[in-house]
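Note that the coordinates shown come from a computational prediction; the quantities given were computed from them, not determined experimentally. Every chain is numbered from 1, with letters handed out A, B, ... down the list of sequences.
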Protein chains: 2
Amino acid sequence: MSNYSDNKERFAKMFHALSNPHRLALFHRLQTCCTPGTRCSTEQAERFCVGELGKGLHIAPSTLSHHLKELHRAGLVKMERSGKYVECWLEPKVLNELSHFFTIKNE
Amino acid sequence: MSNYSDNKERFAKMFHALSNPHRLALFHRLQTCCTPGTRCSTEQAERFCVGELGKGLHIAPSTLSHHLKELHRAGLVKMERSGKYVECWLEPKVLNELSHFFTIKNE
DNA sequence: TCTATATTTCTATATATGTCGAACTATAGT
DNA sequence: ACTATAGTTCGACATATATAGAAATATAGA
C-alpha cells in the first residue's frame, strides 16, 4: 500500500498538478466515469481526447497541452495516441491512493 | 454535500496548499490522530503548536509561519492561540471532503 | 518592568509558473 | 504529394512563490 512516507515527493507533485484551476477542471472532466444519466458497471474512467478536454476552458492549445503534460508527469493522467487524436484517462488506482491519503491515520 | 462545481476555486486552493513538500509534511504531521502505539476512539485530529510542527523541517521560523498561514488560508488548518503558543489542528470534515473528491463520479 | 520564548510581519530576492503565438510534428483523407 | 486537423515544442514575458533575516508583537514568569 502506497503510504505517504515512501511517496512524499510524489504526492506533492500530484497536488501541485491539481493546484491550478484549469488543470483541476481537466482532471474533474476525466473523473466522470460515464455519460450523464447512464450508470457504469465497472469503476472505469472514460477516455477523452485533448481537444475535447479543453472545450470551454478558453485557453490556447499550447497552454492546454502544457497543462495535460503536467497532469501526466504527476502520474495522474495516462495518455496514448490514437490516430489523429491523443486519448487521456485516469487510473482508478491513483484515485484510490489519493482518496486514502485523506483518511485520518492511526499510525 | 460540498461538490466540486460549487467549490472549484476552494479545492484548487487546498491542493495548492498541499503542493509544497514542506506544507505537505506539516499537514501530514497533523493527520496522525494520536501518539504512535495508541489508538484513538474518536476520529479527532491532534493539536500541535507551531514550533512542534516545524521540528525536523530545517526551515526558518518566518518560513514556517508563512507555510502554516497558507494552510490556514486554504481552510485546511485551524489555528488558535493558547498562551505563548499557537495551536494547530485539522478539521475531520475537510479531510472527508477531500477523500470524497477522489471517488469516481457517477454524475 | 525586564527578560526569555513563541510566533508573525515586512522586505528583498532568486526561482518557478501560466500564458500565448509561432513554428513544428503526426496523422488521415483526397 | 497536398491539405486539413490535432497536438506539441519553443521562446518570451509577466506574475506568483519559497525562502531567509531583521524587526515587531504576544505571552509567561521572575
| task | Measure from CD on A:Glu80 to C1' on C:dA26 and round the result to the nearest Å. | result | 15 Å
| request: Side-chain contact test, heavy atoms from C-beta onward, threshold under 4.5 Å: evaluate it for B:Leu71 versus B:Leu30 and give yes or no. | output: no
| task | Show your working on side chain to side chain donor-acceptor pair (under 3.5 Å) between B:Arg10 and B:Asn7 and close with a plain yes or no. | result | CA-CA 5 Å; B:Arg10 198 173 139 256; B:Asn7 291 281; 3.1 Å; yes
| remark: Atom NZ of B:Lys84 and atom C1' of C:dT3 are separated, to the nearest Å, by 11 Å
| said: Distance check needed: D:dA6 P versus A:Leu64 CG, whole Å only. | reply: 12 Å
Could I get a table of every N or O pair under 3.5 Å where one atom is in the protein and the other is in nucleotides 17-19 of chain D?
from	atom 1	to	atom 2	distance (Å)
D:dT17	OP1	B:His16	NE2	3.4
D:dA18	OP1	B:Arg23	NH1	3.3
D:dA18	OP1	B:Arg23	NH2	2.9
D:dA18	OP2	B:Arg23	NH1	3.2
D:dT19	OP1	B:His22	ND1	3.1
D:dT19	OP2	B:His22	ND1	3.2
D:dT19	OP2	B:His67	NE2	2.5

| query | What's the CE-C1' distance between A:Met79 and D:dG7, to the nearest Å? | reply | 9 Å
| Which whole-number value in Å describes the distance from A:Leu68 CG to C:dT19 C1'? | 15 Å
| query | Does any non-hydrogen side-chain atom of A:Glu97 lie less than 4.5 Å from one of A:Phe11? | reply | yes
| Taking a pair as Watson-Crick or G-U wobble with both distances under 3.5 Å, which nucleotide is matched to D:dA30? | C:dT1
| query | Could you give the CD-to-P distance, from B:Glu87 to C:dT7, as a whole number of Å? | reply | 10 Å
| field | Length of the line joining A:Leu57:CG and C:dG18:P, which is rounded to integer Å | value | 14 Å
| Under the side-chain hydrogen bond (donor to acceptor under 3.5 Å, both in side chains) test, which residues partner B:Glu87, sequence neighbours left out? | B:Arg47
| Is any side-chain heavy atom of A:Glu80 less than 4.5 Å from a side-chain heavy atom of A:Trp89? | yes
| remark: B:Lys69 NZ to C:dT8 C1', in whole Å, measures 8 Å
| message | Tell me whether A:Ser99 contacts the main-chain N or O of B:Ser99 through its side chain, where contact means a donor paired with an acceptor under 3.5 Å. | response | yes
